[in-house]
There are 2 protein chains.
Amino acid sequence: MRDTADPELACPISPVVDIVFSRWTTPILWVLHQFGRQRFVELERRITAITPKVLTQRLRQLERDGLITRTYHAEVPPRVEYEISELGLSLAPLFANLADWATASLDKVEQARAAYDAQKRPARSL
Amino acid sequence: MRDTADPELACPISPVVDIVFSRWTTPILWVLHQFGRQRFVELERRITAITPKVLTQRLRQLERDGLITRTYHAEVPPRVEYEISELGLSLAPLFANLADWATASLDKVEQARAAYDAQKRPARSL
DNA sequence: CAGGATCCTACACGATACTG
DNA sequence: CAGTATCGTGTAGGATCCTG
């Protein structure tokens, strides 16, 4: 987790960013929203390249922040299910706006990068 | 900068998050939006606790991504001014939504945290 | 299955110089 | 003023092994 100390002094939305947009949280919330309630392994399989340790950490964080719920079934083998909470669901329109912005502007960012790189490094390979 | 490799496989908004919500970017964009075009030192003074090195890095990144513009005046002493670009400005409604969510839900997050901590650690000091 | 415990490493960031 | 360069470090995250 980021140290949450100072950036917020200059910016009222920094606290939200720390909660909602720290690493791996958007993929987790996204697949939870897309595929509904599911188990640890399913999340692990859908979010490629995340390690179980980190997945656990992020799930704990999201649970603590009230964005998801964790349900433990004391069976053999044990079964744990994760689901978006009401609070987590309230982020949906925000995510939709973000997706819209992505659609509209991501290629502009790419163009800006290309232009910048072309200007700043006229003839270098790497 | 985050390594931008894998999370996006599971989540279409991950690329946007890397661009817009990486560390210090929201404070920078925020004060640029609030106070308009300004110089390096002004940014440094308003965003408390950021070091010049990191501020430079983030400004370069934002410039490369086309979210801000950098204007260099070859004077003595030199003067450099930063300003939000049109593309950066297009994030304004998004940020407003985020601020709204913060107002509505930040205390719920706090409550969730308190409840979680109370339940998980019934009697520990640290 | 769902993780906890350990060990290790990379890199983001801080601190401190120094320049055009 | 507006940065770069260099060095040192904390910690998030990866890899591996182990358990209820």
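Order of the sequence lines fixes the chain letters, A, B, ..., with proteins taken first and strands second; residue numbering starts at 1 for each chain. Predicted model, so just to flag it, every value in this text is computed and none were measured.
Rounded to the nearest 0.5 angstrom, B/E42 CD and B/Y82 OH are separated by 12.0 Å. For the atom pair CG of A/L59 and OG1 of A/T69, the computed distance is 11.0 Å after rounding to the nearest 0.5 Å.
Atom-to-atom, CZ of B/F40 to P of D/dT4 comes out at 8 Å; the value is rounded to the nearest Å. Separating the CD atom of B/E75 from the C1' atom of D/dG3 is a distance of 16 Å, rounded to the nearest angstrom. One interatomic measurement links the two molecules: CZ of B/R70 to C1' of D/dT4, which rounds to 12 Å at whole-angstrom precision. If you take CD1 of B/I50 and C1' of C/dA12, they are 13 Å apart, rounded to a whole angstrom. Taking atom CZ on B/R23 and atom P on D/dT11, their separation rounds to 12 Å, with Å as the unit. At whole-Å resolution of the value, CD in B/Q57 and C1' in D/dG3 are 12 Å apart. Between the C1' atom of D/dA2 and the CZ atom of B/R45 lies a distance of 13 Å, rounded to the nearest Å. If you measure from atom CZ of A/R58 to atom P of C/dG4, you get 14 Å, rounded to the nearest angstrom.
Side chain A/K53 to base D/dG14: a donor-acceptor pair is found below 3.5 Å.
Put simply, B/Y72 has no side-chain N or O that comes within less than 4.0 Å of OP1 or OP2 on C/dG20. At C/dG3, none of the side-chain N or O atoms of A/T56 fall inside 4.0 Å of OP1 or OP2 (strictly under the cut-off). At least one side-chain nitrogen or oxygen of B/T51 sits closer than 4.0 Å to the OP1 or OP2 atom of C/dG14. Contact check, A/Y82 against C/dC1: no side-chain N or O comes under 4.0 Å of OP1 or OP2.
Ring geometry for A/W30 versus A/F95: interplanar angle under 30°, hence parallel rather than tilted (30 to 60°).
Sparse packing is recorded around CD of A/E86, with 12 or fewer heavy atoms of other residues, nucleotides or ligands lying under 6.0 Å away.
Note on A/L32: it does not cluster hydrophobically with A/V41, by side-chain heavy-atom contacts below 4.5 Å among ILVMFWY residues.
In the helix from C/dC1-D/dG20 to C/dG20-D/dC1, the terminal helix axes, each the rotation mapping four pairs' C1' atoms onto the next four within five end pairs, subtend 50°, rounded to 10°.
Of the candidates D/dG3, C/dC1, D/dC1, the closest approach to any side-chain atom of A/R39 belongs to C/dC1. Listed nucleotides: C/dG4, D/dG13, D/dA2. Nearest to the side chain of A/V54: D/dG13. Here D/dG14 is the nucleotide among D/dC1, D/dG14, C/dG3 with the atom lying nearest to any side-chain atom of A/W24. Side-chain proximity of B/P77 to the nucleotides D/dC1, D/dG14, D/dG3 is greatest for D/dC1.
Nucleic acid contact class of A/P78 (heavy atoms, under 4.0 Å, all strands): base.
At a threshold of 4.5 Å between non-hydrogen side-chain atoms, the residues B/L55 and B/I28 count as touching.
Using a 3.5 Å distance cut-off with no hydrogens or angles, the side chains of B/Q38 and B/R46 do pair a donor with an acceptor. With hydrogens and angles left out, the side-chain atoms of A/S22 and A/Q61 include a donor and acceptor closer than 3.5 Å.
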